[in-house]
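Before any comments, here is the structure.
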Protein chains: 2
Amino acid sequence: MRIGEIAALVGLTTRAIRHYHHVGLLPEPERRPNGYRAYSIRDAVLLARVRRLTELGLSLDEVRDVLAEDAGREPAEVLEELDADLARQEADIRERRCRLSALLSEPPDATGPVSPALAALLAQAPRTDSPSAAKDRDHLTLMDATNSGSQEIFTLLGTLVADPAVVELYERLDALAEAPVDDPRIAPLAADLMAAVPEELFAAIPEDGVVVTGFKEALLAEYAPAQAEVVGRLMDAFMERGRG
Amino acid sequence: MRIGEIAALVGLTTRAIRHYHHVGLLPEPERRPNGYRAYSIRDAVLLARVRRLTELGLSLDEVRDVLAEDAGREPAEVLEELDADLARQEADIRERRCRLSALLSEPPDATGPVSPALAALLAQAPRTDSPSAAKDRDHLTLMDATNSGSQEIFTLLGTLVADPAVVELYERLDALAEAPVDDPRIAPLAADLMAAVPEELFAAIPEDGVVVTGFKEALLAEYAPAQAEVVGRLMDAFMERGRG
DNA sequence: GCTTGACCTTGACGCGACGGCAGGGTTTCT
DNA sequence: AGAAACCCTGCCGTCGCGTCAAGGTCAAGC
């Protein structure tokens with residue numbers, strides 16, 4: 001048989017068979033005088049087994065191991081390992097499909113799914129179009145997505161945002177958008193913000209959660225200079241209280 | 001943030017993030033004076049979404065489509081397509097695991113699993129260590145593995161192998177191993193073999209099944225010259241009766 | 001004899017999502 | 001001042017083939 005014939009017989013492509021020769025999975029057969037490969041029935045039997053094994057999901061290396069069974073009992077080992085692997089993949093896919101269906105059934109809010117704790121927090125927060133509040137929501141969503149803060153923080157923040165006075169604080173922060181860094185409103189706003197934070201929140205701040213080195217400066221870069229001054233003081237205070 | 005920091009924050013490797021820049025999934029951020037990439041919070045939010053999507057199994061191209069949602073409703077389409085894809089994969093894996101478990105529970109006969117019809121046939125065949133019979137078993141197993149013959153053939157062959165006289169035929173074929181091609185035993189053996197084949201078998205031979213071009217010569221190459229003569233005559237007769 | 005078309009040959013590149021390494025520079029800590 | 005831990009660019013490797021590219025071979029039809 002020529003390569004195309006044996007390929008059709010066992011249901012492989014000629015390219016696959018040549019590949020098997022190339023990687024040493026199947027020895028090169030004799031050649032006809034014209035250089036064509038001449039396959040025997042034994043080759044077909046071998047290739048049929050290779051096909052069955054690869055269709056089961058074995059890699060070519062594993063197929064080689066199974067076929068070159070010197071030990072006689074190796075195959076079972078390989079196959080059991082493969083089954084475990086497939087089981088993992090199956091569970092993996094099931095979980096992904098699960099999360100996918102959750103995504104599909106949800107309203108398209110474009111921010112993606114959030115944890116229940118954060119969802120509750122956002123629903124609870126008063127409606128405001130303050131840019132600072134929007135930034136805060138973004139940052140909280142990021143914390144949620146990266147799991148860098150514990151769920152506990154969101155529930156604790158719930159008691160904060162329930163206070164209608166928080167909107168006023170955001171507005172005072174917004175007002176500093178164009179202000180110079182030595183604006184006199186900075187210090188009192190920082191103090192009022194600190195005062196608004198419930199005591200338990202300090203304890204809940206993880207030592208090395210969001211506070212990855214460099215995160216702080218990136219966060220401050222989001223704000224205008226005077227605003228950054230306020231936020232920076234807040235974060236400094238947080239980190240000091242957290243360590244203390 | 002530097003690249004290592006944002007990578008730790010969103011749970012990716014620096015290499016992956018640079019790869020995303022490379023393929024245009026995420027624009028290159030500003031650089032610091034020393035050439036380091038300077039990431040913002042917005043980048044982190046973006047990367048977090050990328051991570052979630054790739055973890056769901058989307059390709060980077062698909063992620064790009066979903067993120068660059070100009071149409072607003074594209075994502076659902078992509079996600080549904082993905083779900084269908086995952087469903088296919090899941091079914092695929094389940095089938096493989098099914099066949100794998102069948103393989104594992106079977107006794108290790110080293111020839112792999114065979115169809116029930118062939119298994120019955122082999123169990124039914126008389127015990128003999130005739131080399132010709134061994135070849136025949138190999139060829140039948142190959143036909144089974146490649147689905148090139150119908151199951152029907154095996155059941156029809158059952159009536160043939162049940163006849164104890166068949167063993168004698170195999171032995172007569174074995175005896176020709178060293179014989180010259182003009183051995184006088186050739187013609188009568190071929191005739192007796194033809195006579196032993198039940199009539200229904202001729203009708204069951206598929207027109208273009210095993211009889212791929214070149215298969216015949218490969219099969220004949222398995223035998224000694226005188227034996228090949230016998231087998232060749234048999235096959236010629238088969239093909240003529242099949243066509244007639 | 002000549003063409004056509006279906007085969008065959010070797011060899012090299014492409015894919016997808018990065019990992020790893022080479023060969024350098026920068027920052028920071030000690 | 002040296003070492004550790006970062007950062008940079010760029011290129012090769014993975015896996016199982018598919019897909020050209022640039023030919024050589026063979027049977028059939030004119």
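Numbered from 1 within each chain, the chains take letters A, B, ... in sequence-line order. The structure displayed is predicted, hence computed values, not measured ones.
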Practice task
Return the residues of residues 91-98 of chain B meeting this criterion: a heavy atom under 4.0 Å from some atom of DNA chain C. Order them by number, or give none.
Solution key: none
Exercise for the section: Describe the nucleic acid contact of B:Ser59 in one word from base, sugar-phosphate, nothing, applying a heavy-atom distance below 4.0 Å. Expected result: sugar-phosphate
Practice task
Assess whether atom CZ of B:Arg42 is packed by more than 12 heavy atoms of other residues, nucleotides or ligands within 6.0 Å.
Solution key: no
Handout entry: Exam field: side chain A:Glu62 to backbone A:Ser59, donor-acceptor pair closer than 3.5 Å
Key = yes
Practice task
Without swapping roles, check the side chain of A:Arg49 against the backbone of A:Leu67 for a donor-acceptor pair under 3.5 Å.
Solution key: no
N/O to N/O distances under 3.5 Å, protein versus nucleotides 19-21 of chain C:
unit_1: C:dG19; atom_1: OP2; unit_2: B:Thr13; atom_2: OG1; d: 3.0
unit_1: C:dG19; atom_1: O6; unit_2: B:Arg15; atom_2: NH2; d: 3.3
unit_1: C:dG20; atom_1: O6; unit_2: B:Arg15; atom_2: NE; d: 3.0
unit_1: C:dG20; atom_1: O6; unit_2: B:Arg15; atom_2: NH2; d: 3.1

Practice task
Starting at atom CZ of B:Arg64, determine the distance to atom C1' of C:dG16, rounded to an integer number of angstrom.
Solution key: 12 Å
Problem - side chain to side chain contact (heavy atoms under 4.5 Å, CB included) between B:Ile41 and A:Phe215, worked out - result: CA-CA 8 Å; B:Ile41 299 287; A:Phe215 178 80; 3.4 Å; yes
Output one line per pair: protein atom, nucleotide atom from nucleotides 26-30 of chain C, and distance, for all N/O pairs under 3.5 Å.
unit_1: C:dT26; atom_1: O4'; unit_2: B:Tyr36; atom_2: OH; d: 3.4
unit_1: C:dT27; atom_1: OP1; unit_2: B:Asn34; atom_2: ND2; d: 3.4

Exercise for the section: Could you state the atom-to-atom distance from OH of A:Tyr39 to C1' of C:dC8 in whole Å? Expected result: 11 Å
Exercise for the section: Take A:Pro33 and A:Ile17, find for each the nucleotide of DNA chain D with the closest heavy atom, and name the residue whose nucleotide sits nearer the 5' end. Expected result: A:Ile17
Exercise for the section: Write down the distance between NE2 (A:His19) and C1' (C:dT10), rounded to a whole number of angstrom. Expected result: 16 Å
Practice task
Specify whether B:His21 and B:Tyr39 have parallel, tilted or perpendicular ring planes, treating 30° as the upper limit for parallel and 60° as the lower limit for perpendicular.
Solution key: parallel
Completion exercise
On a heavy-atom basis, the closest approach of B:Ala48 and A:Thr146 is CB-CG2, 4.5 Å
Exercise for the section: Check whether any side-chain N or O of A:Glu30 sits under 3.5 Å from a backbone N or O of A:Ala38 as a donor-acceptor pair, and report yes or no. Expected result: no
Exercise for the section: Answer yes or no: does atom CD of B:Glu55 have more than 12 heavy-atom neighbours from other residues, nucleotides or ligands under 6.0 Å? Expected result: yes
Problem - For B:Glu28, all residues meeting side chain to side chain donor-acceptor pair (under 3.5 Å), sequence neighbours excluded - result: B:Arg31, B:Arg37
Exercise for the section: For A:Gln227 and A:Leu173, indicate whether the former's side chain and the latter's backbone hold a donor-acceptor pair under 3.5 Å. Expected result: yes
Handout entry: Nearest-Å distance for atom pair CG/P, residues B:Leu47 and C:dA17
Key = 16 Å
Handout entry: B:Arg18: salt bridge (charged side-chain N to carboxylate O under 4.0 Å, His left out) partners, not counting sequence neighbours
Key = none
Practice task
Return yes if some donor-acceptor pair links the side-chain N/O of B:Arg64 with the main-chain N/O of B:Val23 below 3.5 Å, else return no.
Solution key: yes
Completion exercise
5'-most to 3'-most nt of DNA chain D touching chain B (<4.0 Å, heavy-atom partner on protein side) reads D:dC6 to D:dC11
Handout entry: A:Asp144 side chain to A:Leu118 backbone, donor-acceptor under 3.5 Å
Key = no
Practice task
Please state whether the phosphate of C:dT10, meaning OP1 or OP2, lies under 4.0 angstrom from any side-chain nitrogen or oxygen of A:Arg31.
Solution key: yes
Handout entry: Sugar-phosphate, base or nothing in reach of A:Arg18, heavy atoms under 4.0 Å
Key = base
